[in-house]
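A note on names: the letters A, B, ... follow the listed sequences, proteins ahead of strands, and every chain is numbered from 1.
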Number of protein chains: 2
Amino acid sequence: MSNEIRLTPTSYIVLGLLEAAGESTPYDLKQMVAIGLGNFWSLQHAQLYKEPERLTAAGLLSERREESGRRRKHYRVTGKGRAALREWLSEPTAELTELRDLALLKVFFGADPEAMAAAQLPAHEAKLAEYEELRQSAADVADEIPEGPRVSLRAGIEAERIWVGFWSRIRDRGEPA
Amino acid sequence: MSNEIRLTPTSYIVLGLLEAAGESTPYDLKQMVAIGLGNFWSLQHAQLYKEPERLTAAGLLSERREESGRRRKHYRVTGKGRAALREWLSEPTAELTELRDLALLKVFFGADPEAMAAAQLPAHEAKLAEYEELRQSAADVADEIPEGPRVSLRAGIEAERIWVGFWSRIRDRGEPA
DNA sequence: CCTATCATGTAATCCGTTACATGATTAT
DNA sequence: ATAATCATGTAACGGATTACATGATAGG
């Protein structure tokens, strides 16, 4: 019983969120993703309904369904689930992320870089502004915010700065030496 | 006939490579991906066999199969395929890529940032070195290298620099203000 | 010659996306 | 009340990964 399944990043996201927040419904998870994590790793809401089912079948979560009304499903992490999460967290990864940037892909195949810059720049600038605002508003309560999200936000900001710089240079003078 | 299909980035990669290289086999495509594109957008080799079939069924490629020996399949872009590629290239996208960085995801959920830095730094440094070498060796024949790949390489270098800096700072002094 | 590796391809699985659908809540 | 939006969930489809499998080529 509790067939073993392959755990994907999605699995660990669900485990991680449930571990941090305690018993939650898929919709709760969706909200949590929206406020932070979703900025650098988004998920379809359907996944947040299906993935807990998989994890439950594998014994990593337990499920409680409301008797009346909406009969919502509430999930919580089991000991086994907690162990799986811990192990995953304890293994540093050397894996590198690929850019997988659609704009860059188009440019690679011949799209006009300046036209692309015109579309990308505002988008990246907006995202950067959003992040910096987030950081501002988080500064007050910095002590209450765990290190992980704080570090991740910093990474997001630095990444966005790069892109703003990259596309700016393309727009301003074409490709520099 | 030639049912319309949904074109994914994978589709355009196949179209783009075939357009640039002329008639090719899936294995040729695999080689092309390996030397450049794969650095920022990798694909499974199985996709390079299946995707051309889809595209052929949709009329975007034509297929020629060897009569003798290995009976390899050779593909080339049709007029319809060329038109689809052109249109895609001519539409600048404002879409932003997500980081989807596994190391960052772990840190987000509580993994030790310094341990992660220890694993990530060498990997990013190696990648950066590889890119810069690539750029060096390409400098001589710069005029022959199309703008797209050159710009993409630059983006890759800048991105890697960021990550090296990011993880370095974490390793050196923990999280700075 | 034999065996490792490269080349080439197919099949099965499964995760993720898209689409569909309906139950609550809020606003007008 | 009624429309609109939010909340909640399931079903179907398809692309991507994984696994399997065999044909060529080169090295020992």
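Two residues are said to be in side-chain contact when any heavy atoms from C-beta on lie closer than 4.5 Å; B:F108 and A:P149 meet this criterion. Side chains of B:T97 and B:F40 form no contact here, defined as non-hydrogen atoms less than 4.5 Å apart.
Along DNA chain D, the nucleotide closest to B:E51 and the one closest to A:Y49 are compared, and the more 5′ of them pairs with A:Y49.
Remark: B:R72 is not in phosphate contact with C:dG9, judged by side-chain N or O atoms under 4.0 Å from OP1 or OP2. Between A:T10 and the phosphate of C:dG16, there is a side-chain N or O to OP1/OP2 separation shorter than 4.0 Å.
The nearest whole Å value for the distance from the CG atom in B:L55 to the P atom in D:dG15 is 10 Å. Here C:dG9 presents its P atom at 11 Å from CG of B:L29, a figure rounded to the nearest Å. Atom CG in A:D28 sits about 7 Å away from atom P in D:dT8, given to the nearest Å. Between the CH2 atom of B:W41 and the C1' atom of D:dG15 there is a distance of 13 Å, given to the nearest Å. Atom P of nucleotide C:dG9 and atom NZ of B:K30 are separated by 11 Å, given to the nearest angstrom. One can place CG of A:L48 at 12 Å from P of D:dG9, the figure rounded to the nearest angstrom. Taking atom CD of A:E95 as the reference point, atom C1' of D:dT17 lies 14 Å away to the nearest angstrom. Rounded to a whole Å, the CG atom of A:L7 is 14 Å from the P atom of C:dC14.
Legend: residues meeting side chain to side chain contact (heavy atoms under 4.5 Å, CB included) with B:K30, ordered by chain and number and at least two apart, are B:Y27, B:H45, B:L48. With sequence neighbours excluded, the residues that form a salt bridge (Lys or Arg N to Asp or Glu O under 4.0 Å) with B:E19 are B:R82.
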Scan nucleotides 17-21 of chain C against the protein and return all N/O pairs shorter than 3.5 Å with their distances rounded to 0.1 Å.
residue	atom	partner	partner atom	Å
C:dT17	OP2	A:Q44	OE1	3.3
C:dT17	OP2	A:Q47	OE1	2.8

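Comment: B:R161 engages B:E132 in a salt bridge, judged by a side-chain N to carboxylate O separation of less than 4.0 angstrom. Under a 4.0 Å N-O distance rule, the pair B:E51/B:R54 qualifies as a salt bridge.
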side-chain contact (heavy atoms from CB on, under 4.5 Å) between B:L85 and B:V77, worked out = CA-CA 10 Å; B:L85 177 61; B:V77 181; over 6 Å; no
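Which of C:dG16, D:dG9, D:dG15 sits closest to the side chain of B:T8 comes down to D:dG15.
Contact annotation for A:Q31: no contact, since no heavy-atom pair falls under 4.0 Å across all strands.
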